[in-house]
Amino acid sequence: MCIRDRTRRGQRDQAARLRNRLTDDGSGARSGSESGAGDWTGGRVLGRTVLGLPLDAAAFVLVGYALFNSVRNFGYPIWYLDTDYHQAWGGPTMAGVWAVHAGGWLLCLAVLLHWPVRWLARGQSALDRRVTRTGCR
């Protein structure tokens, strides 16, 4: 199966789940396992919140670090133009310094956000499955 077929199938499945959630009027006509909404009771929401805090905190720190350093490295000329950048990486010109810092940070972002975000998302999904006994698979 090619990537395009998997993407189309994934979009159809996602659209079907969204349609089921939007058409569920809460009258109980559908079973809880069919729509997924009936599995989230107050205790399970509280349990999911408490158990998910470490993963949420890790995601917050990771995204905060990435955002802060993205602004800092992509905006290098704004922040460091008044300093002596001639000895910085990529110097002696500001264009070279900016290219080295921005390009290096792009590589760091690829590594920093690719695997850890995937691990955090899988952890969140596994936690959802365990708490609700269903969830996305």
Side-chain angles (χ1 to χ4, degrees):
M1 176 182 299
C2 71
I3 293 174
R4 186 184 316 162
D5 293 338
R6 287 188 295 195
T7 303
R8 287 183 187 160
R9 187 181 68 199
Q11 289 172 347
R12 280 195 309 264
D13 293 345
Q14 185 177 11
R17 285 192 303 271
L18 178 62
R19 187 173 43 251
N20 285 339
R21 279 189 291 165
L22 292 175
T23 58
D24 187 11
D25 60 357
S27 64
R30 295 170 188 241
S31 67
S33 62
E34 183 180 337
S35 67
D39 295 333
W40 286 98
T41 62
R44 288 185 176 177
V45 169
L46 179 65
R48 168 62 180 84
T49 301
V50 171
L51 293 173
L53 279 177
L55 292 172
D56 296 338
F60 181 77
V61 167
L62 183 68
V63 170
Y65 177 77
L67 183 63
F68 171 76
N69 279 307
S70 293
V71 169
R72 190 169 154 248
N73 282 301
F74 294 133
Y76 195 92
I78 296 168
W79 306 113
Y80 299 105
L81 189 58
D82 295 338
T83 64
D84 183 23
Y85 55 84
H86 300 289
Q87 298 300 319
W89 290 354
T93 65
M94 180 51 84
V97 171
W98 181 80
V100 167
H101 282 82
W105 183 243
L106 281 174
L107 292 174
C108 287
L109 277 178
V111 171
L112 179 71
L113 294 181
H114 184 70
W115 291 289
V117 168
R118 183 177 292 174
W119 296 332
L120 289 168
R122 286 181 183 165
Q124 294 282 8
S125 180
L127 184 60
D128 286 346
R129 277 196 309 272
R130 286 181 179 94
V131 169
T132 63
R133 296 188 186 100
T134 58
C136 300
R137 296 189 197 278

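The analysis underlying the following values was restricted to heavy atoms, covering all of them including side chains, and did not include hydrogens, waters or symmetry mates.
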- Task: Please report the closest heavy-atom contact between P116 and V111, naming both atoms and the distance.
- Result: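 Closest heavy-atom pair between P116 and V111: CD-O, 3.6 Å.
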
- Looking only at non-hydrogen atoms, find the nearest pair between V97 and Y76 and report the distance.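 For V97 and Y76, the tightest heavy-atom pair comes out as CG1-CE2, 3.0 Å.
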
- Item | Parallel, tilted or perpendicular: rings of W105 and Y65 (30°, 60°) | perpendicular

- Message: Treating S125 as the side-chain partner and A121 as the backbone partner, does any N or O pair qualify as donor plus acceptor under 3.5 Å?
- Response: no

- Query: Do other residues, nucleotides or ligands put more than 12 heavy atoms under 6.0 Å from I78 CD1?
  - Reply: no

From [X] atom [atom1] to [Y] atom [atom2], the distance as rounded to the nearest 0.5 Å:
X	Y	atom1	atom2	value
R72	L67	CZ	CG	13.5 Å
R129	Q124	CZ	CD	12.0 Å
L113	S70	CG	OG	7.5 Å
F74	L109	CZ	CG	5.5 Å
C108	N73	SG	CG	8.0 Å
W119	L55	CH2	CG	13.5 Å

- Query: Taking only residues at least two apart or on different chains, which pairs with a member in residues 45-71 satisfy salt bridge (Lys or Arg N to Asp or Glu O under 4.0 Å)?
  - Reply: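 Found R48-D128.
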
